[in-house]
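Structure, as structure tokens:
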Amino acid sequence: MALQALRGTSDVLPEAITRWSAVEHTARRVSRCYGYQELRTPLIEDATLFLRSVGETTDIVQKEMFRFEDRGGHEIVLRPEGTASVVRAYLEGHLHKTEGFSKLFYLGPMFRAERPQAGRFRQFHQFGVEAIGSASPWVDAEVVTLCVEILRACGLADLTVLLSSMGCRADQARSAEQLRERLRPSLQELCKDCQGRFDKNVFRVLDCKNPACHALAWKTSGSPRPTGSHGIRGSGGHEEVGRGSPFVLCADCQAHFEQVRQALGAAGVGFDDTAVFARGLDYYTRTVFEVRAQGLGAQDAVAAGGRYDQLVEELGGPSMGAVGFAAGIERLLRAQEHGRAPSDEQRSRRGVYLAIAQPALAGEGFRLVQQLRSHGVCALMDYDHKSLKAQLREADKARCQFVAILGEAEVKQRAITLKDLEQSSQETVPLEAFAQTVAQRAKTAAAACHA
Ligand code: ATP
Ligand code: MG
């Protein structure tokens, strides 16, 4: 039996790559436009990194990490997410000393040992940004706006932004105590995991995959939020964030949240701050958000993120604010028109197919093809003695913009026939000027090669 890719992993075959590259290109372009710079971190990390950041009681750490021991007995994991690695790299690369406030983005595979299903894989890909070194609510708003703009630029129209605040660590301690009090009478009804989480990290009950725990935690949390357009009012006392949210905010966190909402309003980004949702990672403080898209079924979160003001310090750096998000590329692609690839007619023609009239001309043809490539023009030729007719069929299949035909007579005259399939025109070009002429004429092809 032929071998197969592991469950929850998949190949991206050439026909799908066009759409992957387009999404990656768009994400990079929009992020750079906002002043974010790319960084790349290893796929394997010391297990401690995620224990200390994502949190020991989270599902990711308890159930979803691929962990193994290397030959020296060190505990290694395949990275399940990007934020912890980016903060580690930020500190290890001394960016806190040389750059201070840094706006970074990454793109790459993440690994989680989850039950594979639609929109949930064991190897999946994330595009993410992290703005490290500022506590300003404007940065929260910038990150949410950037996230929405990337998704829109990728063609996703029907987006819902859920926005909430989890408060600072002091708020979280107070809120945890309250949630524990409310849950205590139903403790026996919680699953085994949640009974363990109850003392260690009661918020994890909020995102338990067991519906009974989930329902109990949310049902018993909070009271109806005050009526009014944005829910949070007053600046003196502690108030709950939204209907059913277990997080009770101090005055500073309320003010921060209010400024984020105002900034998002100014940026024209719509959001829902009444929905209740939890983030399954421990490092979040204050602003958290999730972006949902249409057509994804149960796994409809296409991107999620938030502020993590303690993480840099918790990983050994100075105390500094930070905020980021990660978008799932597979879910994003699925949300784009539910996965339709552009038809041949929609794919624009690019590059040159160099056809040779006889196998004996292969040497001259190969030299010209290499010349074209060194001029940045995508160039193809046949290496298998195909007939001229078959070569022309291949040129069409490969959606080439030009076909150059090299015959014996042409070689004698030091010239070549160049057909533009898009314009349906034909001319004879001197061999000496061939590569330059084509490069100039095929600017779009050159651009595509270098993209
Ligand atoms: P979910 O609630 O769907 O499990 P999550 O809270 O675990 O998501 P994050 O850790 O916030 O997800 O990751 C951000 C984004 O990465 C998600 O919104 C989703 O688009 C994508 N993602 C997360 N896990 C997977 C997975 N196993 N397969 C595919 N995409 C994923
Ligand atoms: Mg998850």
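Start at 1 and go down the list; that is how both ligands and their atoms are numbered.
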Closest contact, heavy atoms only, R331 versus A301: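 Result for this residue pair: NH1-O, 2.9 Å.
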Minimal non-hydrogen separation, L296 against A335, with atom names: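 Looks like CD2-N, 3.7 Å.
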Can you tell me how far the [atom1] atom of [X] sits from the [atom2] atom of [Y], to the nearest 0.5 Å?
X    : Y    : atom1 : atom2 : value
D193 : K209 : CG    : NZ    : 11.0 Å
L179 : R174 : CG    : CZ    : 14.0 Å
D309 : R286 : CG    : CZ    : 6.0 Å
W20  : L332 : CH2   : CG    : 9.5 Å
L39  : L107 : CG    : CG    : 11.0 Å

Selection from F127, F124, Y284 by shortest heavy-atom distance to atom 23 (C) of ligand 1: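 Nearest heavy atom to atom 23 (C) of ligand 1 lies in F124.
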Shortest reach to atom 19 (C) of ligand 1 by a heavy atom, considering only R331, M110, R334: R331
Hey, which atoms in ligand 1 end up nearer than 4.0 Å to a heavy atom of [X]?
X    : value
A303 : 18 (O)
G119 : 28 (N), 29 (C), 30 (N)
A304 : 11 (O)
A326 : 14 (C), 15 (C)

Under 3.5 Å: N/O of A301 near N/O of ligand 1: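 Yes.
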Check: K209 N/O within less than 3.5 Å of ligand 1 N/O: no
Just to be sure I read this right, does ligand 1 sit under 4.0 Å from the backbone of [X], its side chain, both, or neither, counting only heavy atoms?
X    : answer
F121 : both
R279 : side chain
V302 : backbone
Q126 : side chain

To the nearest 0.1 Å, how far is [atom] from its closest protein heavy atom, and which atom is that?
atom                    : value
atom 21 (C) of ligand 1 : G328 CA, 3.7 Å
atom 2 (O) of ligand 1  : R120 NH2, 4.4 Å
atom 10 (O) of ligand 1 : R112 NH2, 2.8 Å

H256 side chain near S165 side chain, heavy-atom distance below 4.5 Å: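 Side-chain contact under 4.5 Å: no.
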Flag for Y36-E142: side-chain donor and acceptor within less than 3.5 Å: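 Side-chain D/A pair, E142 to Y36: present.
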Plane angle bin for F127 and F325 - parallel if under 30°, tilted between 30 and 60°, otherwise perpendicular: tilted
Atom CZ of R169 with >12 non-hydrogen neighbours under 6.0 angstrom: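 Enclosed: over 12 neighbouring heavy atoms sit under 6.0 Å from CZ of R169.
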Min heavy-atom dist E81 to ligand 1 below 4.0 Å: no
Residue-ligand contact E114/ligand 1, heavy atom below 4.0 Å: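 It does, in that a heavy atom of E114 comes within the 4.0 Å cut-off of ligand 1.
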